Amino acid sequence: MNEFSEQDLKMTPIEDDDAGLVTAAKQDLAAFEKLYDKYVQSVFRYLLSRVGNVTVAEDLTSVTFLAAIEMFGHYRHRGIFGAWVITIAKRKAVDYFRKEKVQEKIENLWPEKIFEDDVMKNLLDSERKKALLSVLDNLTEKEQELIRLRFVADLKFREMAALMNRSEGAVKKSFYRLLEKMKIALEDYNA
């Protein structure tokens, strides 16, 4: 079953750092572990931002990588492995919401766990965190997805472009416009 092939992403081949890892994993599936190690945190953080529950995000991360291994024989590398695996994660989250008959709740989209890395601890005090969460909660789903993909899943612009079926330039333009919109909203919040 090639449900999540790179054809879903409709991109032309590009250069990247994963080519050697993919080649090694194609020759010996045990080498897939290096791809797993490289992307597991990004996938987990992305799923956590979607479901708001650590245990569920861990389970969905496992399911995502099991699906990736099952479909890996059909994967043709075009420099977008990160986007491919996030596409699988995104669909696993949708399946979870459908199966459990739950809807994403806005308060779950940005759980505290996401803000626990050292950079965020140093930059955000509780009031600034509250303001940022308020701004994030008022974004559209597409805007939230841009933020998730860039800051939570740590995807590069080319990977985001592949995942969103848009040009890299269009994604960058949308992203930087969104950051400007958020900056203005934060200034308004603090005024």
Side-chain angles (χ1 to χ4, degrees), residues 1-26 32 34-51 57 60-61 63-65 67-69 71-97 104 109-110 114 117 119-120 132 135-185:
M1 178 179 223
N2 194 11
E3 176 181 6
F4 306 108
S5 72
E6 74 282 354
Q7 290 174 330
D8 289 339
L9 304 173
K10 295 181 175 86
M11 292 295 292
T12 56
I14 53 178
E15 296 299 318
D16 77 314
D17 303 335
D18 294 333
L21 297 175
V22 169
T23 300
K26 286 283 189 178
F32 188 87
K34 290 185 179 174
L35 287 166
Y36 172 85
D37 290 342
K38 183 173 180 179
Y39 288 100
V40 68
Q41 283 301 315
S42 293
V43 169
F44 170 75
R45 289 169 58 111
Y46 174 80
L47 287 166
L48 181 60
S49 76
R50 296 294 304 264
V51 300
L60 290 174
T61 299
V63 170
T64 296
F65 279 98
I69 288 171
M71 295 179 284
F72 193 65
H74 300 285
Y75 176 75
R76 288 191 325 268
H77 189 63
R78 293 186 176 162
I80 52 172
F81 185 83
W84 182 71
V85 77
I86 291 292
T87 299
I88 297 170
K90 190 175 186 176
R91 292 183 180 169
K92 294 301 177 185
V94 168
D95 291 346
Y96 164 77
F97 288 120
E104 286 182 280
L109 294 177
W110 308 104
I114 290 170
D117 62 41
V119 174
M120 293 304 281
L132 180 58
V135 169
L136 289 169
D137 288 348
N138 289 310
L139 298 178
T140 67
E141 177 55 36
K142 285 183 179 183
E143 291 170 333
Q144 288 181 4
E145 189 68 2
L146 269 174
I147 297 297
R148 274 192 207 103
L149 294 174
R150 184 69 176 159
F151 292 123
V152 178
D154 294 324
L155 293 184
K156 297 173 184 154
F157 284 114
R158 69 176 185 226
E159 293 170 319
M160 291 169 63
L163 191 106
M164 300 170 80
N165 269 336
R166 297 175 64 196
S167 72
E168 185 175 341
V171 170
K172 282 182 182 178
K173 190 176 209 179
S174 295
F175 180 76
Y176 288 117
R177 282 183 178 167
L178 176 58
L179 288 183
E180 186 61 30
K181 175 183 171 180
M182 290 175 64
K183 178 182 172 189
I184 292 167

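Owing to the predicted nature of the structure, the values given are computational and were not obtained by experimental measurement.
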Pairwise distance CG(L179) to CG(L146) - rounded to 0.5 angstrom: 9.0 Å
Worked check of side-chain contact (heavy atoms from CB on, under 4.5 Å) between V22 and Y75: CA-CA 9 Å; V22 169; Y75 176 75; 4.1 Å; yes
CD1-CG distance between I86 and L149, expressed to the nearest 0.5 angstrom: 7.0 Å
Worked verdict on R50 versus Y46 for side-chain contact (heavy atoms from CB on, under 4.5 Å): CA-CA 7 Å; R50 296 294 304 264; Y46 174 80; 2.9 Å; yes
Shortest non-hydrogen separation from A162 to I80 and the atoms involved: CB-CG2, 3.5 Å
Test: E141 and R148 ion pair at under 4.0 Å: yes
Nearest-0.5 Å distance, CE of residue M164 to CZ of residue F157: 11.0 Å
Atom pair CG (D137) and CD (Q144), whose distance is rounded to the nearest 0.5 Å: 7.0 Å
Heavy-atom closest contact (L163 atom, A83 atom, distance): CD1-O, 3.0 Å
For the student: nearest non-hydrogen atoms of L47 and A93, plus distance: CD2-CB, 3.9 Å
Any donor-acceptor pair under 3.5 Å from K26 side chain to F72 backbone: yes
For T64 against A89, the heavy-atom pair lying closest together: OG1-CA, 3.5 Å
Trace of the side-chain contact (heavy atoms from CB on, under 4.5 Å) decision for R91 with I88: CA-CA 5 Å; R91 292 183 180 169; I88 297 170; 6.0 Å; no
Any donor-acceptor N/O pair, Y39 side chain to F65 backbone, under 3.5 Å: no
Heavy-atom check, side chain of K38 versus side chain of F81, under 4.5 Å: no
From L178 atom CG to R150 atom CZ, the distance as rounded to the nearest 0.5 Å: 12.5 Å
Residue pair M182, L139: steps toward the side-chain contact (heavy atoms from CB on, under 4.5 Å) verdict: CA-CA 9 Å; M182 290 175 64; L139 298 178; 4.1 Å; yes
Note, S174 side chain near K142 side chain (heavy atom, < 4.5 Å): no
OH on Y36 to OG1 on T61, rounded to 0.5 Å: 7.5 Å
Shortest non-hydrogen separation from K92 to A67 and the atoms involved: CE-CB, 3.8 Å
